[in-house]
Amino acid sequence: MSTALRSFAGVERFLAEIAGDARKPGYVLLGEEAFLYAMCRRGVLQELLPEDQRDFGLHELDLAETSIFEVLDLAQTPSLMAPFQVLFVRNVKLLYGRGQKKDEFAVIEEYFRRPNPQALILFVADYIELPQDLRKMDMQDKERTEKIRETLGDVCGIVELQRVSEDDAVQWVLREGAAKGVAFSEDAARELVDALGAEMMTISSEVEKLVLYAGATGAKQVGLNDVEAMVSAAKQRSLYELTDAISLRDAPRALALLHGLLNASEGGEEAAIGHVFALAKTFRQMLVLNEKQVKDQRAMWQVLWPGFRVAPFAADALIAQARRYRDRSELMRGLQWIAKADVELRSSPPDKRLVLERLVLRLAGKAREPEMNAA
């Protein structure tokens, strides 16, 4: 992919470093753009850790469960079973919680003075939102970003995962289609991006389906009519439909929609985590709409900041969904459950589908308090 696409430039530089001699011993993946994170993760593993070594060389760590001292001790200890180790470290925000954490940052600095050359540490700071235009960044996220730069910036590379702009998303669709031997018209690519609100995880999935459709029909082109037909179907399986069923406490319909989403995606960890990420974002959007008592689209665009937009086709539905919740505590509990599911999915559970089914049943359940206490 050409570096002309500004939204992807940081990821491309990072992957070039990983593949070359300038690789740093640690990086911070900064931002919540799930599609770019997936690109980084896939590129790192393809370059540094063959699939047959991942059981021993890939470590998924969470600072809520594993201390930074244990993380660095693991990184420093050579593996007998894999020549290289990759450590993804989540919940980085806990390094910036209460207290000064002098001991924690001292041991980080000490490790990076003499890092293990056969290990790569990736701190995942996905609790920070980076809009395409950084001048419009939320003040709290600015402060969080500065703290990371001040404490980890001297010892780690910083990879900014900004939200992908609509223009770059359109160009990505055109290039991805061409790379797969199918030509998208510019109108078709623009319609796909506009209809899906520049949500790259969803766009990527729909491009795959359109390419398969073109191959099945013997066509080498995808036009506006093809996209309109596919997007219409995508809307029916979208997470907005799922959250509609959840907000109505319609557990059977919610499960059916979840199964439709899972069957339509390629599966695997990235797809499952992508669904949870989209659920979390939708619940956060509903939380804002609920708190501000938004009743129409005009008010919606005033309270949802750039980078936190809603796909146009879902605006009215999302407003209706948010109003079904009595107060913010219900939505906050939902976000807690979603966060628990996210942690569980990243811990390589034996059945990712079961994790998602349990999450949806909790979110759509009517006996909400007892479920939370039982968690």
Side-chain angles (χ1 to χ4, degrees), residues 32 34 127 129 131-133 135-141 163 165-166 169 191-203 228 231-258 260-261 275-339 359-369 371-372:
E32 67 167 4
Y127 60 99
E129 182 179 342
Q132 177 57 214
D133 185 350
R135 293 172 299 179
K136 298 177 180 178
M137 191 173 174
D138 179 77
M139 185 58 67
Q140 184 181 46
D141 284 336
R163 182 176 175 83
S165 72
E166 292 188 1
E191 172 65 17
L192 185 62
V193 171
D194 287 347
L196 298 177
E199 292 289 348
M200 286 300 302
M201 291 293 282
T202 308
I203 289 169
E228 287 175 341
V231 167
S232 176
K235 290 177 186 178
Q236 297 304 311
R237 334 180 266 272
S238 74
L239 276 156
Y240 293 109
E241 292 287 322
L242 175 58
T243 52
D244 184 64
I246 287 170
S247 68
L248 288 168
R249 311 291 194 264
D250 188 345
R253 177 169 165 251
L255 272 181
L257 286 163
L258 172 66
L261 277 165
H275 294 323
V276 170
F277 170 83
L279 261 178
K281 182 173 182 179
T282 304
F283 264 70
R284 290 200 304 271
Q285 289 168 334
M286 288 196 291
L287 182 63
V288 173
L289 299 181
N290 183 282
E291 288 181 332
K292 301 295 184 181
Q293 297 184 342
V294 169
K295 298 179 180 179
D296 55 48
Q297 285 198 35
R298 183 176 180 180
M300 170 186 274
W301 306 129
Q302 292 174 347
V303 301
L304 293 183
W305 50 92
F308 202 50
R309 62 176 292 184
V310 176
F313 70 81
D316 289 332
L318 193 64
I319 292 170
Q321 292 168 30
R323 296 185 68 187
R324 289 174 190 145
Y325 289 88
R326 293 190 302 273
D327 55 53
R328 70 189 302 271
S329 63
E330 290 185 286
L331 291 163
M332 290 298 294
R333 280 195 296 273
L335 284 167
Q336 290 172 14
W337 281 324
I338 291 168
L359 171 63
V360 165
L361 284 173
R362 277 180 160 177
L363 293 173
K366 295 185 179 180
R368 308 176 85 80
E369 288 294 345
E371 283 187 11
M372 192 64 195

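We're numbering straight along the sequence, starting at 1.
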Residue pair [X] / [Y]: nearest heavy atoms and the distance that separates them:
X    : Y    : answer
I246 : L363 : CG2-O, 3.5 Å
L318 : Q285 : CD2-OE1, 3.6 Å
A254 : L242 : O-CD1, 3.2 Å
A280 : L335 : O-CD2, 3.6 Å
A364 : A251 : CB-CA, 3.9 Å
M300 : A315 : CE-O, 3.4 Å

What distance do [X] atom [atom1] and [Y] atom [atom2] have between them, rounded to the nearest 0.5 Å?
X    : Y    : atom1 : atom2 : answer
L361 : L255 : CG    : CG    : 4.5 Å
M286 : Y325 : CE    : OH    : 4.5 Å
T243 : L257 : OG1   : CG    : 9.5 Å
L359 : L279 : CG    : CG    : 6.0 Å
R333 : R362 : CZ    : CZ    : 12.5 Å
R163 : E129 : CZ    : CD    : 8.0 Å

* **R284/E32 salt bridge by N-O under 4.0 Å criterion** => yes
Is the closest basic N to carboxylate O distance between R253 and E241 below 4.0 Å?
-> yes
By salt bridge (Lys or Arg N to Asp or Glu O under 4.0 Å), D141 pairs with (sequence neighbours left out) R144
Contacts satisfying salt bridge (charged side-chain N to carboxylate O under 4.0 Å, His left out) that involve residues 289-303 (not counting sequence neighbours) are E291-R328
* **Stepwise side chain to side chain contact (heavy atoms under 4.5 Å, CB included) check, N290 with E330** => CA-CA 11 Å; N290 183 282; E330 290 185 286; over 6 Å; no
Applying side-chain hydrogen bond (donor to acceptor under 3.5 Å, both in side chains) to D250 and not counting sequence neighbours gives none
Q.
Between Q321 (side chain only) and Y240 (backbone N and O only), is there a donor and an acceptor less than 3.5 Å apart?
A. yes
